[in-house]
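The structure displayed is predicted, hence computed values, not measured ones. FYI, side chains are in, hydrogens and waters are out, and symmetry mates aren't considered; it's all heavy atoms of this structure. Quick note on labels: first sequence line is chain A, next is B, and so on, each numbered from 1.
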Amino acid sequence: MIRNYFKVAFRNLLKYKLFSFINIFGLALSMSICMLVLLRIKDQLAYDQFHPNTGRIYRLITDLRNRDGAQYRLASSPLPLVDVLEKDFSVLENWVRLYPVGVERTVTASKELSIRAAFTDQSFFEVFGFTLSRGSATTVLSAPNSIVLTKATAERFFGSKDPVGQVLHMETLGDFQVAGVIGPVKGKSHIDFDAYLSMSSVPLLEKAGKRSPALDQWNNVTAGYTYVVLKQSATEKQLKQAVQQIASRLQSDHNSKERIAFDVQPFSKIILGEELFYSLGRTGSRGKVLAEIGISFIILLSACFNYTNLSIARSLSRGKEVGIRKVSGAQRFQIFSQFVVESLFMSLLALGLAYVFLKMIIDFAPFSDEMIPAGFQIDIELLGWFLLFSLFTGLLAGVLPAWALSSFNPVQVLKNLSTVRLFGGNRFRKGLIIAQFTLCLVITIFTTVFSRQFNYMANADPGFNREHVLSLPLNSSKYQILSEEISRVSGVQMAGATSEHLGINASGHAPIKLQPEAEPIYIDYFDVDANFIQVMELKLLAGNTFPSVADTGREQFVIINEAALKPLHIANPTDAIGKMAWLDDSSVVHIAGVVKNFYYEGLERPVTPLLLRNRMNKFNFLAVKTAGDSKTILQAIKAVWLQHNAGQPFEIRWLADVLYEKRSAWTTVSMLGFLSFIAVTIACLGLLGMVMYTTETRRKEIGIRKVMGASVAAIISLLSRGFIKLIIIAGLIALPVSYILGYLFLNMFANRISLGLGSLIICFFGLLLLVLVTIGSQIYMAAIANPAKNLRTE
Amino acid sequence: MIELQHIFKWYPAGGSRVYVLQDINLNIEAGAFVSIMGPSGSGKSTLLNIIGMLDLPSEGSYRFLEQSVYDMKEKHRVELYKKHIGFVFQSYHLIDELTVYENIETPLLYQNVKSAERKAMVSDMLDRFNIVGKKDLFPAQLSGGQQQLVGIIRALIARPKLILADEPTGNLNSAQGEEIMNLFQKLNEEDKVTIVQVTHSEKNAAYGSRIVNLLDGRIQHIPQTVHS
Ligand SMILES: Nc1ncnc2c1ncn2[C@@H]1O[C@H](COP(=O)(O)OP(=O)(O)OP(=O)(O)O)[C@@H](O)[C@H]1O
Ligand SMILES: [Mg+2]
């Protein structure tokens with residue numbers, strides 16, 4: 001029986017190739033999106049599955065209210081919290097804190113790398129499921145200045161050599177000795193630092209002034225993360241009451257408007273849990289996941305609706321078959337199963353194609369890491385999920401038409417097929433077509449606005465030079481020698497050093513004041529050398545670039561931008577020159593120059609006060625201005641650079657490229673583009689199906705009209721009018737919606753394109769044109785068909 | 001075999017009813033060969049469909065093989081019907097996507113006949129009607145007479161006790177029609193299959209043993225002679 005079903009399904013598939021193509025292609029497209037989402041969710045849910053006692057682990061989190069009454073819920077908590085909890089309440093079996101250091105430059109004799117490290121307690125290996133491949137869990141983190149590396153970090157530093165006993169020098173924290181290596185981890189975790197430092201190092205570091213105090217600071221609520229294991233006998237409620245009690249004690253101590261409260265979060269609710277500030281690691285965002293599920297489901301539904309629609313279109317030919325089968329003794333249920341099997345068959349074929357699409361998305365990676373989780377693999381289990389999903393899709397698409405087709409009365413269908421009407425009126429289907437196209441238009445218009453805005457920001461003048469500027473990493477090489485030698489390369493005009501590329505982010509934030517006792521203002525800064533101003537073609541409004549003075553290691557001069565004048569209460573640029581300023585409470589500097597404003601953080605952000613500082617040890621890049629972009633200049637520069645950085649990978653990039661990539665947000669643009677492409681394709685396919693259905697059902701009417709003398713043009717306008725009306729209704733809904741959406745979106749940018757009705761209209765007419773092309777050939781063919789033939793076959 | 005009592009069939013038209021069948025009382029014994037005749041629109045097809053359980057009357061009772069048809073569940077009705085009744089249509093009604101062989105096989109699929117047995121039954125029939133050579137062709141590749149033959153074989157394949165035929169020769173030329181009628185006669189005489197056919201042709205009606213005349217939905221009780 002099943003074989004018979006498949007046979008018929010297969011022959012139908014071949015016989016109605018266009019229908020099959022529309023169905024399979026549309027389903028496959030939408031399924032590939034869903035599969036991508038499935039893959040991402042599965043990857044995210046696989047996080048943190050390897051820890052023992054997860055049912056009893058909780059994270060202590062903080063609820064904060066600031067002076068203005070704004071509420072924040074933080075994933076972090078003050079470091080002393082757990083000490084008090086342990087001492088005053090007997091609910092804990094174990095606990096561990098993570099106290100992140102931030103990104104730290106770390107050097108060995110032969111390597112220099114930036115790593116993300118965190119201080120943690122010795123109990124780290126008891127609470128969590130991490131195991132050590134080197135070192136003993138009970139001792140590795142006990143001694144001060146011990147460090148435990150992950151396997152990957154150990155390999156980056158030491159290759160295949162044994163790391164245990166080696167010393168790492170960390171830029172701000174000093175020397176740490178490797179005590180152990182974390183073995184192969186049994187899964188992904190939101191706790192994924194490159195290295196873990198012993199918590200016992202912290203008191204010493206605080207005493208030495210290398211870390212600001214945090215260990216006993218209740219106010220530092222963002223310092224660390226606290227995980228506790230409850231006693232078997234204790235309950236979550238007890239724990240909650242305990243932390244609340246501690247918070248209320250704090251409240252009576254500190255009599256301020258700000259309020260601090262604590263709460264507990266079950267460990268299993270961290271992944272895809274509520275959105276928290278200062279969240280740690282890749283916990284995934286529930287909102288984003290829901291949005292992904294929502295969007296992909298809408299696209300899937302859209303494709304399934306096409307299937308339903310096309311099944312109805314074909315019901316004219318399938319109805320006869322249903323009648324004959326019923327007359328041959330088929331029960332309704334058997335007919336129903338036949339059509340369900342058919343749609344399952346269809347969705348399995350679509351699954352095959354969707355898998356190819358998915359592979360292409362992954363390999364081609366148009367959305368880069370953002371979309372596809374690192375290091376994931378399509379395993380048997382995932383394939384199982386895909387299979388289940390495609391069966392679900394088959395049912396979603398197939399049940400309704402199968403139910404309708406199997407309801408046919410054999411007497412009626414065998415007597416006169418065209419009297420058979422499915423799903424009553426057309427209103428439901430028309431409504432869905434309008435919805436499909438409204439969605440299409442909104443996505444398309446939004447994508448256009450989005451890409452135009454980012455394109456504008458990538459190309460508009462930010463107030464500094466981006467042309468013919470090369471960016472070289474400075475690594476540990478001596479900057480002055482390198483800079484001089486590179487300046488001598490023919491074709492190079494000038495080289496200047498900087499801490500960070502202009503146009504992305506400032507490299508830091510510091511307090512500055514013009515009188516020692518004044519209230520400081522906070523100001524963004526870069527560290528640059530004297531040449532940099534000229535390399536980047538920044539305009540000096542007054543004063544000069546940094547004067548060349550002997551490097552005493554002490555900061556002496558700064559340059560400010562125009563925007564800094566007002567908050568510093570300086571009337572005009574010339575007045576600023578020579579003024580003294582107190583920076584970071586320590587250094588006293590003179591203002592050497594004032595530059596015209598430029599968009600140092602990109603055009604999307606307004607210009608704020610900026611400081612150019614001149615500390616040599618903060619330089620990270622060399623900006624090299626060249627006469628052109630010839631290969632020979634690049635080669636010559638590379639040769640010089642390699643002399644000073646033997647054996648290091650050479651990464652040279654044009655500044656314009658760096659900025660363009662960062663600013664134009666290609667990831668999002670291409671993803672939006674992809675989604676709108678899919679939405680448009682599916683909607684057009686659906687429309688095509690609808691047109692075929694209409695022309696098929698109206699063939700007799702067309703024939704009669706032609707016999708009565710209607711012209712081809714009249715028939716075409718008769719047939720297309722209804723569809724164009726639907727698209728226009730969709731346009732009337734979508735245009736205002738996307739106008740508002742685009743307006744809100746553009747308002748987030750300091751410098752923005754004008755929304756322009758023009759581009760909205762162009763999108764609409766573009767879609768309309770696409771629709772006309774889609775329906776045109778079908779309608780034309782129906783209109784020119786020989787009426788005699790149409791009437792005869794009835 | 002068939003006992004129809006006070007069968008009415010009407011369609012609502014505006015506020016009133018249009019009667020298609022009125023007070024039909026009809027008994028047909030097993031082994032009979034009955035022809036239903038009457039002008040177009042007199043309700044012949046409707047009556048045949050009611051006998052064949054494809055359609056329900058608006059009123060009346062129907063006993064088939066001593067069982068009250070309208071007192072059973074739809075599912076049982078289909079069971080009863082598919083075991084005992086075969087249908088032949090004027091416009092053949094073969095499934096276009098299936099071959100001759102597969103079309104003939106279809107009723108057996110719905111009666112859960114085992115695959116091997118199915119094969120034997122279909123081959124047997126193909127042999128008997130001399131169309132073995134055509135078994136892998138699709139309906140579109142056959143002539144009208146051949147298609148009707150396949151339609152009849154399909155109706156016969158499950159060895160029904162009753163064949164219902166609605167103008168089986170309506171789309172055929174006279175030679176083809178004669179063949180089909182001879183076949184019916186043979187089935188009736190040799191295999192004891194009960195046959196009820198709708199026809200417009202006196203000649204075809206003559207093959208049967210009894211004629212039922214319909215006029216405006218009523219059976220005409222005119223004394224008549226039947227030539228054999
Ligand atoms: N669905 C329906 N609604 C209203 N009237 C119907 C319907 N179906 C059939 N009829 C009417 O029932 C009457 C009998 O139809 P039926 O098909 O039984 O006639 P017939 O005797 O088989 O005619 P013919 O010889 O032309 O095949 C016709 O007048 C027809 O108009
Ligand atoms: Mg009829």
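The OG atom of A/S328 sits 11.5 Å away from atom CD of B/E105, with the distance rounded to the nearest 0.5 Å. Here the NZ atom belonging to B/K82 is positioned 13.0 Å from the NZ atom belonging to A/K326, to the nearest 0.5 angstrom. Atom-to-atom distance recorded for B/E97:CD and A/Y16:OH is 5.0 Å, nearest 0.5 angstrom.
Residue-environment remark: CZ (A/F389) exceeds the threshold of 12 foreign heavy atoms within 6.0 Å. Shown here is B/K119, whose NZ atom has no more than 12 heavy atoms of other residues, nucleotides or ligands within 6.0 Å. Residue-environment remark: CD (B/Q67) exceeds the threshold of 12 foreign heavy atoms within 6.0 Å. Summarising the local packing, OH of A/Y780 is surrounded by 12 or fewer heavy atoms from other residues, nucleotides or ligands at distances under 6.0 Å. Within a 6.0 Å sphere centred on NE2 of B/H200, other residues, nucleotides and ligands contribute more than 12 heavy atoms. Within 6.0 Å of atom CG in B/D216, 12 or fewer heavy atoms from other residues, nucleotides or ligands are found, so the atom counts as exposed in its surroundings.
Between A/Q331 and B/K75, the closest heavy-atom pair is NE2-O, 3.3 Å. Closest of all the heavy-atom pairs between A/R325 and B/T106 is NH1-CG2, 4.0 Å. Residues B/L54 and A/N409 share a closest heavy-atom pair of O-OD1, 4.1 Å.
Considering only heavy atoms from C-beta on, B/V78 stays 4.5 Å or farther from A/R332 through its side chain. Between B/D96 and A/K320, the closest side-chain pair of non-hydrogen atoms falls below 4.5 Å.
Ion pairing of B/E102 with A/R11 is present here, as a side-chain N (NZ or NE/NH1/NH2) and a carboxylate O approach within less than 4.0 Å.
Of the listed residues (B/T46, B/L109, B/I95), the one with the most heavy-atom contacts under 4.5 Å to chain A is B/I95.
Neither the backbone nor the side chain of B/K83 comes within less than 4.5 Å of any heavy atom of chain A.
Among B/D55, B/I50, B/L56, the one residue that satisfies the side chain to side chain contact (heavy atoms under 4.5 Å, CB included) test with A/V411 is B/D55.
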*From CA spacing to verdict: side-chain contact (heavy atoms from CB on, under 4.5 Å), B/F89, A/I324*: CA-CA 10 Å; B/F89 301 94; A/I324 296 169; 5.8 Å; no
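At a heavy-atom cut-off of under 4.5 Å, chain A is reached by no residue from residues 156-168 of chain B.
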